[in-house]
Each structure stands twice: as C-alpha cells, then as structure tokens.
J.: 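To start, I am sharing the structure in question, which I have written as structure tokens.
Basis for what follows: all heavy atoms, side chains included, without hydrogens, waters or symmetry-related copies. Counting convention: from 1, in listed order, for ligands and their atoms alike.
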Amino acid sequence: MTTNENKFQEIISHAKEYGFVFPSSEIYDGLSAVYDYGPYGSELKKNIRDYWWKSMTQMHENIVGIDAAIFMHPTTWKASGHVDNFSDPMIDNRDSNKRYRVDHLIEGLADKLKEAGKTKEADDLIAEMDRLLAADDFSALKELIAANNIVCSISGTGNWTDIRQFNLMFSTQLGSVAEEADTIYLRPETAQGIFVNFLNVQKTSRMRIPFGIAQTGKAFRNEIVARQFIFRMREFEQMEMQFFVRPGTEGDWYKYWKEARLQWHLSLGTSPEKYRYHDHVKLAHYAKEACDIEFEFPIGFKEVEGIHSRSDFDLSQHQLYSKKKMQYFDNDVDPATGKPFGNYIPYVVETSIGLDRMFLLILSESYEEETLTKEDGSTDKRVVLHIPAKIAPVKLAILPLVKKDGLPEIAREIMNDCKPHFRCFYEEKDAIGKRYRRQDAIGTPFCVTIDHQTKEDQTVTIRYRDSMQQERVPLSTVRDVVLKNIS
Ligand code: ATP
C-alpha cells in the first residue's frame with residue numbers, strides 16, 4: 001500500500017470515528033457504495049451545499065434556484081438519451097461472477113505498469129483502450145484484455161464473458177399494481193429537472209437571457225465499480241447549474257464558467273497546485289466543449305466537477321419528444337441586422353459538481369496527522385481537520401475550565417449569545433487538552449476557555465485550531481471574532 005492509500009484509509013476511519021460518514025445500514029453489514037452522513041458530516045455537507053447555493057444564486061442576480069422531484073416522466077430519459085446511451089461497457093468473470101467496468105479493468109493494469117516504471121507501455125495501453133472504446137469495438141477490447149493477461153482479482157483467472165453495455169439507471173414502478181404500472185427511473189442527474197422546467201422558470205421569474213437555473217439534489221447511478229468510499233456512490237448528491245445563452249455566445253460563457261468555477265474552489269483556500277483542468281478530447285456529438293476540474297485526492301487526480309457546453313441539445317430533444325415549444329423570444333437588437341434576435345432555442349453551458357466528492361475533497365485537503373514536540377522534548381500526535389472556518393461543522397467550542405465556581409454559568413451566557421449566529425458546541429467534561437484535541441479532530445476553528453480570571457476581568461482564552469495559539473480577549477468580543485472569520 002502506498003502512503004497515499006494509507007492516508008485515504010485513515011481519512012475513511014477518521015470520518016467514521018468522528019461522526020462524519022457511516023456505511024449505510026451498517027448493522028446489516030452495510031450496502032455497497034451507499035453511505036450515511038453523521039452529525040458532523042451532515043453539518044459539513046450542508047455548509048458546502050449552502051456555500052455553493054449562495055455563490056450561485058445570491059451572488060448572481062441572473063441565477064435562480066429550483067427543487068425538482070426525483071421522479072420524472074419516463075419520456076424525459078428517452079429524450080435526454082439516458083435510456084439508450086447511459087451505459088458503460090462491462091465484462092464478467094465466469095469463475096467469480098464479479099462484474100467489472102472495462103475501462104477500470106484496463107486502467108488497473110496501466111496503474112500497475114506505471115508503478116513498475118513502464119510508463120510508455122501504460123500510456124500505449126490507455127491510448128489503445130480509448131481508441132477501441134470510441135469505436136465501440138467490444139471484441140477488440142476483449143482481445144486487449146486477453147492479450148495483456150488481465151485477470152480477475154478474486155478468482156485470479158482470465159475466464160471472461162463477452163463485453164456488454166450495462167445501463168446505470170435504477171428503475172422502479174409507479175402505481176400500486178405492478179402489471180399496470182409504468183416503469184420510471186430514479187434520476188441519474190439533476191440537470192433534466194432544470195431543462196423540463198426551463199419555460200416555467202423563465203416566465204415566472206421573468207428571466208432574460210443570459211440566465212441560469214441552479215439545483216441541488218440526489219442522483220442515483222448503478223455504478224459497478226464502487227469501492228472508493230464516497231468518491232463513487234450509487235446514491236449521491238449533485239449541485240448543478242444550467243446557464244442559458246444566446247447561440248453564438250456559448251464559447252465566451254464556457255470560458256467564463258470554467259474560470260469562475262475554479263475560482264470558487266480556490267476561494268475555500270485549497271492549494272491551487274492540487275487542481276488541474278482536463279479538457280475532453282472525445283466529445284458527445286452535441287457537445288461543443290467540455291472539461292473536468294480535477295483534484296489530487298489521495299487516490300490520485302480525479303474529476304470533482306464538469307463544465308460542459310451542451311449546445312441546444314437537451315432543450316431541442318425535449319421539444320421534439322414533448323411537442324412543446326422550448327423557445328425563447330429575445331427582443332434585444334442584433335447589431336448585424338438592426339432587428340431583434342427573435343425566437344430561438346437557447347444554448348446551454350452547464351456546471352456540475354458532486355457534493356459528496358466535494359466533501360471528500362475537503363476531508364482530503366484538511367486532514368493532517370501532526371507530530372508535536374513538547375517542551376520537555378518528547379513528541380505527541382494530533383489529528384486535525386483544517387476545514388475552512390466558513391464551512392466547518394462547528395465554529396466555536398465553549399469550554400469552562402472546571403464544572404464549578406460559576407464558570408459554567410458564564411460559558412452558558414456566551415453560548416446563548418453565539419448560538420443564534422453560528423453552530424457552537426458546549427462541553428465541561430475532561431481535561432482541557434483532551435477537549436481541544438476532540439475539537440481539532442472535527443475541525444472546530446475556535447475554542448474559548450472560561451477560567452477563574454474570567455470572573456475577575458471578563459476575559460476568556462481563545463484558541464486557534466491551526467496555529468494552536470491562545471490569546472486573552474474580552475468575552476464580549478468572542479461572537480464578533482468568530483463572525484469576522486466565517487463571513
Ligand atoms: P465519472 O467519470 O467519475 O463517473 P461523470 O463524468 O459520469 O463522472 P457527470 O455525469 O459529469 O460525472 O456528473 C457530474 C459530477 O457528479 C461529477 O463531476 C462528480 O462530482 C459527481 N458524480 C458523478 N457520479 C458520481 C458518483 N457515482 N458518486 C459521487 N459523485 C458522482
């Protein structure tokens with residue numbers, strides 16, 4: 001195991017131990033690639049969601065939000081292409097009955113080659129795989145797997161079935177009697193809820209192009225290779241924004257959003273060198289440009305967000321299938337003709353980020369196991385989450401030094417003063433050092449300690465998580481110190 005893989009495992013254990021993420025229905029041994037968020041996890045997740053929502057809707061006057069249902073009319077998914085095309089090529093091992101995504105199987109070998117220093121062989125293998133995937137040449141892909149002696153990690157054999165497409169959508173029945181019921185799908189992305197509501201939103205909010213519609217919500221994909229903690233889940237949450245523009249302006253808007261989204265990530269203080277763009281070479285037939293924002297997770301550089309220039313594909317498809325006009329009347333004057341631009345189906349630039357992946361990004365970036373040298377020269381360890389203060393699950397811990405002498409009463413007053421404004425945590429048990437460590441482990445940026453001096457001069461000790469520095473401040477300023485740092 002490499003050091004980074006160790007770090008990944010440490011993060012997973014830490015997330016569970018401190019109430020961030022639990023395996024779903026764990027008492028029944030869990031459910032593969034499905035996770036629950038615990039008390040601190042759900043706070044952090046909500047804070048990331050709110051931060052995204054605010055930056056999209058509150059900070060952009062021309063972006064409004066919606067909250068569409070997870071269930072949608074089944075024709076939606078026919079029109080969007082998901083029924084026919086939302087699939088991955090899969091292969092099964094006959095001895096273990098284990099199913100693999102073909103690209104992941106081949107990439108696994110490429111990773112091993114790279115580790116062994118055979119970078120050229122690895123790159124050639126990936127290039128050949130990409131070429132065959134683009135051509136949908138499944139028999140040649142199977143030959144590639146055989147020629148490279150790729151075997152199943154469980155059975156150890158190369159006894160493979162043919163490659164088949166496997167649709168990633170979950171289906172279920174709507175209605176009480178199964179035979180009469182219609183098959184419907186759990187949405188595999190939130191974007192279609194935005195497209196089908198395009199005119200409702202445009203008209204009711206009187207939006208004029210260019211404008212955006214933002215949405216956060218659950219999406220479901222029957223992922224086959226799902227063993228990377230919350231990086232790839234079967235039930236996850238997306239934060240998507242579709243930006244509707246006049247045809248011909250999409251190139252500029254694509255550039256704008258590509259840059260703006262990276263800036264959003266950096267506004268959380270994340271190291272710029274851990275980010276990179278991956279421009280797509282192989283584009284969907286309707287796409288004009290597409291890129292991923294990738295982050296260096298402990299498991300390597302991986303996609304966290306996609307920015308896609310999608311032309312008028314989605315709205316045109318819904319117009320075709322629903323027979324309802326998806327057009328916008330643009331009465332701005334076209335300088336070329338001196339007449340209004342008139343009716344058209346808008347083009348779309350979309351930004352799509354996984355909330356759970358963003359959560360994992362924050363954990364990966366903020367997790368640190370520090371070795372501290374004490375005054376006597378001995379060393380100690382502390383695990384700290386350097387979560388940006390504005391999204392930390394708890395902003396302030398309020399800790400009376402002892403449980404008596406009127407200190408808890410003063411602490412409670414601070415608690416009452418602060419808790420309407422931000423999330424606080426009160427604790428009077430255990431030695432103060434131990435309490436600090438627990439707050440470090442959940443990423444609380446500030447702790448205040450109330451001691452006997454507080455009774456005399458109305459000051460408290462404020463301790464900063466990252467530097468562990470402590471300073472004496474008037475207790476009346478505590479609320480503002482925290483507010484200043486989280487705004
Ligand atoms: P990948 O190539 O990793 O499967 P994708 O290109 O299919 O992702 P999109 O369809 O563009 O992803 O979805 C947008 C975002 O939703 C992704 O950038 C990712 O952050 C998130 N996402 C997609 N699938 C999952 C999943 N199974 N679990 C968690 N997040 C996901």
J.: Pick from Phe297, Phe22, Tyr35: which one makes a ring pair (Phe, Tyr, Trp, His ring centres under 6.0 Å) with Phe229?
T.: Tyr35
J.: For His280 and His308, take the angle between the two ring planes, folded into 0 to 90°, and tell me which bin it lands in: parallel under 30, tilted 30 to 60, perpendicular over 60.
T.: tilted
J.: Quick check on contacts: which atoms of ligand 1 are under 4.0 angstrom from a heavy atom of Glu223?
T.: 24 (N), 26 (C), 27 (N)
J.: Check Arg310, His318, Gln317 against Asp314 for a side-chain hydrogen bond (donor to acceptor under 3.5 Å, both in side chains) and give me the one that passes.
T.: Arg310
J.: So, 4.0 Å and heavy atoms of Arg221: is ligand 1 close enough to count as a contact?
T.: yes
J.: Please check whether Arg101 reaches ligand 1 - meaning an N/O of the residue sits under 3.5 Å from an N/O of the ligand, judged on distance alone.
T.: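 So ligand 1 has no N or O lying under 3.5 Å from an N or O of Arg101.
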J.: With under 30° as parallel and over 60° as perpendicular, where do the rings of Tyr286 and Phe313 fit, or are they tilted in between?
T.: parallel
J.: Aromatic contact between Tyr185 and Phe170, with the criterion being ring centroids under 6.0 Å apart: yes or no?
T.: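 No, they do not, as the ring centres are separated by 6.0 Å or more.
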J.: Check whether any heavy atom of Asp356 sits under 4.0 Å from an atom of ligand 1.
T.: no
J.: Report, in ascending order of atom number, the atoms of ligand 1 lying under 4.0 Å from any heavy atom of Ser352.
T.: 13 (O), 14 (C), 15 (C), 18 (O)
J.: Judged by atom type as modelled, is there a donor-acceptor pair below 3.5 Å linking the side chain of Asp312 to the main-chain atoms of Leu315?
T.: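 Here the side-chain-to-backbone pair does not exist.
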J.: Applying ring pair (Phe, Tyr, Trp, His ring centres under 6.0 Å), name anything that partners His73, two or more places apart in sequence or on another chain.
T.: none
J.: With side-chain hydrogen bond (donor to acceptor under 3.5 Å, both in side chains) as the test, pick out the partner of Thr444 among Arg465, Arg438, Gln439.
T.: Gln439
J.: Please state which protein non-hydrogen atom is closest to atom 13 (O) of ligand 1 and give its distance, to 0.1 Å?
T.: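 Checked against all protein heavy atoms, atom 13 (O) of ligand 1 sits closest to Gln238 NE2, 3.3 Å.
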J.: Distance to 0.1 Å, residue and atom name: give those for the protein heavy atom nearest to atom 28 (N) of ligand 1.
T.: Met233 N, 2.9 Å
J.: Nearest non-hydrogen contact with atom 29 (C) of ligand 1 belongs to which option: Phe86, Phe231, Tyr35, Phe220?
T.: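 It is Phe231 that holds the nearest heavy atom.
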J.: Go through ligand 1 atom by atom and flag the ones less than 4.0 Å from a non-hydrogen atom of Gly354.
T.: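 So the atoms of ligand 1 that pass are 15 (C), 16 (O), 19 (C), 20 (O), 21 (C).
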J.: Please set out all donor-acceptor pairs under 3.5 angstrom arising from side-chain atoms of residues 383-396, sequence neighbours excluded.
T.:
unit_1 : atom_1 : unit_2 : atom_2 : d
His386 : ND1    : Asp466 : OD1    : 2.7
His386 : NE2    : Glu368 : OE1    : 2.6
Lys390 : NZ     : Tyr51  : OH     : 3.4
Lys390 : NZ     : Ser267 : O      : 3.3
Lys395 : NZ     : Ala389 : O      : 3.4
Lys395 : NZ     : Lys390 : O      : 3.2
Lys395 : NZ     : Ala392 : O      : 2.7

J.: Tell me the contacting part of Asp292 for ligand 1: side chain, backbone, both, or neither, using a 4.0 Å heavy-atom threshold, strictly below.
T.: neither
J.: Specify the protein heavy atom at minimum distance from atom 4 (O) of ligand 1: its residue, its atom name, and the distance to 0.1 Å.
T.: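 For atom 4 (O) of ligand 1, the nearest protein heavy atom comes out as Arg232 NH1, 2.8 Å.
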J.: Test of understanding: given a 4.0 Å heavy-atom threshold, classify the contact between Lys302 and ligand 1 as side chain, backbone, both, or neither.
T.: neither
J.: Among all protein heavy atoms in this structure, tell me which lies nearest to atom 17 (C) of ligand 1, with the distance rounded to 0.1 Å.
T.: Glu303 OE2, 3.3 Å
J.: Going by the atom numbers of ligand 1, which of them fall below 4.0 Å from some non-hydrogen atom of Glu305?
T.: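 Within the 4.0 Å cut-off of Glu305, ligand 1 contributes 18 (O).
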J.: If we only consider heavy atoms of Glu237, is any one of them less than 4.0 Å away from an atom in ligand 1?
T.: no
J.: Please state which part of His308 comes within less than 4.0 Å of ligand 1, counting heavy atoms only: side chain, backbone, both or neither.
T.: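 Near ligand 1, His308 shows its side chain, while the N, CA, C and O stay back.
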J.: What's the shortest distance from atom 30 (N) of ligand 1 to any protein heavy atom, and which residue and atom give it?
T.: Phe236 CD1, 3.5 Å
